[in-house]
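Worksheet for the structure shown next.
Below, each value reflects all heavy atoms present in this structure, side chains not excepted, and no hydrogens, waters or symmetry copies.
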Amino acid sequence: MEAVAGLVPLFADQYSQSIVEVMETTLIPKCDGGLRIVGDSMYPLLKSGDIVFYKQVHDIMHSIIWGEMYLISFDIDGDEYVSVKYLQKSDIPDHIVLVSYNEHHKPMEIHINRIRALAFIKASLRLNSLK
């Protein structure tokens, strides 16, 4: 499933979504879902087309594990952005730093109240061939 409408409606309505595919493995911890990545902000660690498996974070203010990778939905001037980033503490109170793996993408600080939805990335999958 792709987060075309954003993470908030996806998370709010996750149990009525159509199941595209079920993947069973004992190697991946319990997840809430998976999304296909679009973009290059985490390249080469994650490439466009890779799938990330996530666990939704319900208590954003108290449940962030700093330095870890998250699927994040945030608002800037009324537009919603969905991205995969590392989250780091900011020196500015009530702000967080969104950090890409790709060095061509500069870190961005946002107020924590701009976060609309957050999910911890538990695993990723890359298909090198479809046949």
Can you tell me how far the CZ atom of Arg116 sits from the CG atom of Leu118, to the nearest 0.5 Å?
-> 12.5 Å

Do Asn102 side-chain atoms and Asp40 backbone N/O form a donor-acceptor pair below 3.5 Å?
-> yes

Closest approach of Ile65 to Tyr70 (non-hydrogen atoms, all atoms of both residues) | N-OH, 2.7 Å

Any side-chain heavy atom of Lys85 within less than 4.5 Å of one from Phe74?
-> no

Would you mind reporting whether Asp32 and Lys55 have side-chain heavy atoms less than 4.5 Å apart?
-> yes

Are Tyr101 and Leu35 joined in one hydrophobic group, where the rule is that I, L, V, M, F, W and Y side chains link up if heavy atoms are under 4.5 Å apart?
-> yes

From the list Val52, Ile51, Ile121, side-chain contact (heavy atoms from CB on, under 4.5 Å) partner of Leu46 resolves to Val52

Under the 3.5 angstrom rule, does the side chain of His95 hit a backbone N or O of Pro93 as a donor-acceptor pair?
-> yes

Scanning both residues in full, the closest heavy-atom pair of Ile112 with Met61 reads CG2-SD, 3.7 Å

Taking a hydrophobic cluster as the set of Ile, Leu, Val, Met, Phe, Trp and Tyr residues connected by side-chain heavy atoms closer than 4.5 Å, whether directly or through intermediates, do Met108 and Ile60 fall within one such cluster?
-> yes

Atom pair CD/CD1 of Gln88 and Ile64 - distance to nearest 0.5 Å = 12.0 Å

Do the side chains of Leu71 and Leu45 join up, straight or via other hydrophobic residues, at under 4.5 Å, putting them in one cluster?
-> yes

Point-to-point distance, once rounded to the nearest 0.5 Å, from OG of Ser90 to CD of Glu109 | 3.5 Å

Roughly how far, to the nearest 0.5 Å, is the CG atom of Asp75 from the CD1 atom of Ile115?
-> 11.5 Å

Crowded around Asp91 CG? As in, over 12 foreign heavy atoms under 6.0 Å?
-> no

Of all the heavy-atom pairs spanning Cys31 and Phe53, show the shortest one and how long it is.
-> SG-CB, 3.7 Å

Give the cluster check for Ile37 versus Tyr43: same hydrophobic cluster or not, with ILVMFWY residues linked at side-chain heavy-atom distances below 4.5 Å.
-> no

Can you see which heavy atom on Ser63 is nearest to which on Val57, and at what distance?
-> CB-CG1, 3.8 Å

On a heavy-atom basis, the closest approach of Gly39 and Ser48 is N-OG, 3.4 Å

Look at the side-chain heavy atoms of Ile, Leu, Val, Met, Phe, Trp and Tyr, link any pair under 4.5 Å apart, and say whether Val99 and Met42 land in one connected group.
-> yes

Of Asp94, Ile92, Leu98, the residue whose pairing with Ile96 passes side-chain contact (heavy atoms from CB on, under 4.5 Å) | Leu98

Correct closest heavy-atom pair for Val84 and Ser41 would be O-OG, 3.7 Å

